[in-house]
*Asks:* 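First, the structure itself, so that you have it in front of you.
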Amino acid sequence: MKRILFLLLVSSLLFSCEVSDDQNYSYEINPVFQVIMPTEFAKDSVTNITVKYKRPSSCHLFSKFYFESSGFVRNVAVENIKVEQDNCQTDNQTVLEMPLPFLPKTIGTYHFKFWTGTDAQGVDNYLEYDVVVDH
């Protein structure tokens, strides 16, 4: 996850876009708050996984999911666009819900790791789920 955060920081510095003279945007990885994992998955069929996260401020907008896969392991976090402006209101209470479409191409057991942030020692924490695709 530290590699992810580093890559996002570098890419946001290189690719930050300016829409007008007043607004700059940056990208941030935000932790997942809760996951509603379906019980059935089928090969070559899209199933939506419900992902909930807390919006850090009124200036944070959902961009996409950070999604990294290696074999049958899937690491997931929320990527937000942060509008850089002075009137942002802190908002750690609003829970937003987004569908994460998952299309398994291979039969097997997939291990999902949804990043929930880091602890006081800087260790990454995850909600973890095993998903069986058997047909």
*Asks:* I need the Asn75 CG to Ser69 OG distance, nearest 0.5 Å.
*Replies:* 9.0 Å
*Asks:* For Gln89, does its backbone N or O pair with a side-chain atom of Ser58 as donor and acceptor, under 3.5 Å?
*Replies:* yes
*Asks:* Between CG of Leu96 and NE2 of His60, what distance do you get to the nearest 0.5 Å?
*Replies:* 11.5 Å
*Asks:* Between Phe112 and Phe114, what is the ring plane arrangement, given parallel below 30°, perpendicular above 60°, and tilted in between?
*Replies:* parallel
*Asks:* Counting distance only, does the side-chain N/O of Asn80 pair as donor-acceptor with the main-chain N or O of Lys82 below 3.5 Å?
*Replies:* no
*Asks:* Enter the distance from Glu97:CD to Lys52:NZ here, rounded to the nearest 0.5 Å.
*Replies:* 5.0 Å
*Asks:* Measure the spacing between NZ of Lys113 and CZ of Arg74 and express it to the nearest 0.5 Å.
*Replies:* 13.0 Å
*Asks:* With rounding to the nearest 0.5 Å, note down the distance linking OG1 in Thr116 to CG in Asn30.
*Replies:* 12.5 Å
*Asks:* Check side-chain hydrogen bond (donor to acceptor under 3.5 Å, both in side chains) between Thr50 and all other residues, then give those that pass, not counting sequence neighbours.
*Replies:* none
*Asks:* For Asn87, what residues pass the side-chain hydrogen bond (donor to acceptor under 3.5 Å, both in side chains) criterion, not counting sequence neighbours?
*Replies:* Gln85
*Asks:* May I ask you to check whether Asn24 and Glu84 show a side-chain donor-acceptor distance below 3.5 Å?
*Replies:* no
*Asks:* Group every Ile, Leu, Val, Met, Phe, Trp and Tyr by side-chain heavy-atom contacts under 4.5 Å, then state whether Tyr129 and Val132 land in the same group.
*Replies:* no
*Asks:* Can you list the residues that meet the side-chain hydrogen bond (donor to acceptor under 3.5 Å, both in side chains) rule with Thr94, with sequence neighbours excluded?
*Replies:* Asp91
*Asks:* Please list, chain by chain and in numerical order, all residues satisfying side-chain contact (heavy atoms from CB on, under 4.5 Å) with Lys64, sequence neighbours excluded.
*Replies:* Glu79
*Asks:* What orientation do Phe102 and Tyr110 show, parallel under 30°, tilted 30 to 60°, or perpendicular over 60°?
*Replies:* perpendicular
*Asks:* Considering all heavy atoms of both residues, which atom of Ile29 and which atom of Ala77 are nearest to each other, and what is their separation?
*Replies:* CG2-CB, 3.6 Å
*Asks:* Under the rule for side-chain hydrogen bond (donor to acceptor under 3.5 Å, both in side chains), what residues qualify as partners of Glu128, not counting sequence neighbours?
*Replies:* His111
*Asks:* Is it possible for you to say whether Val133 and Phe67 belong to one hydrophobic cluster, with membership spreading through side-chain heavy-atom contacts below 4.5 Å?
*Replies:* yes
*Asks:* Honestly curious: do Val76 and Phe62 fall in one hydrophobic cluster under the side-chain, below-4.5 Å linking rule?
*Replies:* yes
*Asks:* Kindly determine whether Trp115 and Asn125 satisfy side-chain contact (heavy atoms from CB on, under 4.5 Å), including the steps that lead there.
*Replies:* CA-CA 6 Å; Trp115 185 67; Asn125 294 309; over 6 Å; no
*Asks:* Taking transitive links into account, so neighbours of neighbours count too, which hydrophobic residues share a cluster with Val95 at under 4.5 Å side-chain distance?
*Replies:* Phe33
*Asks:* Step through the shown structure and confirm whether more than 12 heavy atoms of other residues, nucleotides or ligands are within 6.0 Å of CD on Glu40.
*Replies:* no
*Asks:* According to a hydrophobic-cluster definition based on side-chain heavy atoms being under 4.5 Å apart (Ile, Leu, Val, Met, Phe, Trp, Tyr only), do Tyr126 and Ile36 belong together?
*Replies:* no
*Asks:* About how many Å separate CD of Glu28 and OG of Ser63, when rounded to the nearest 0.5 Å?
*Replies:* 11.5 Å
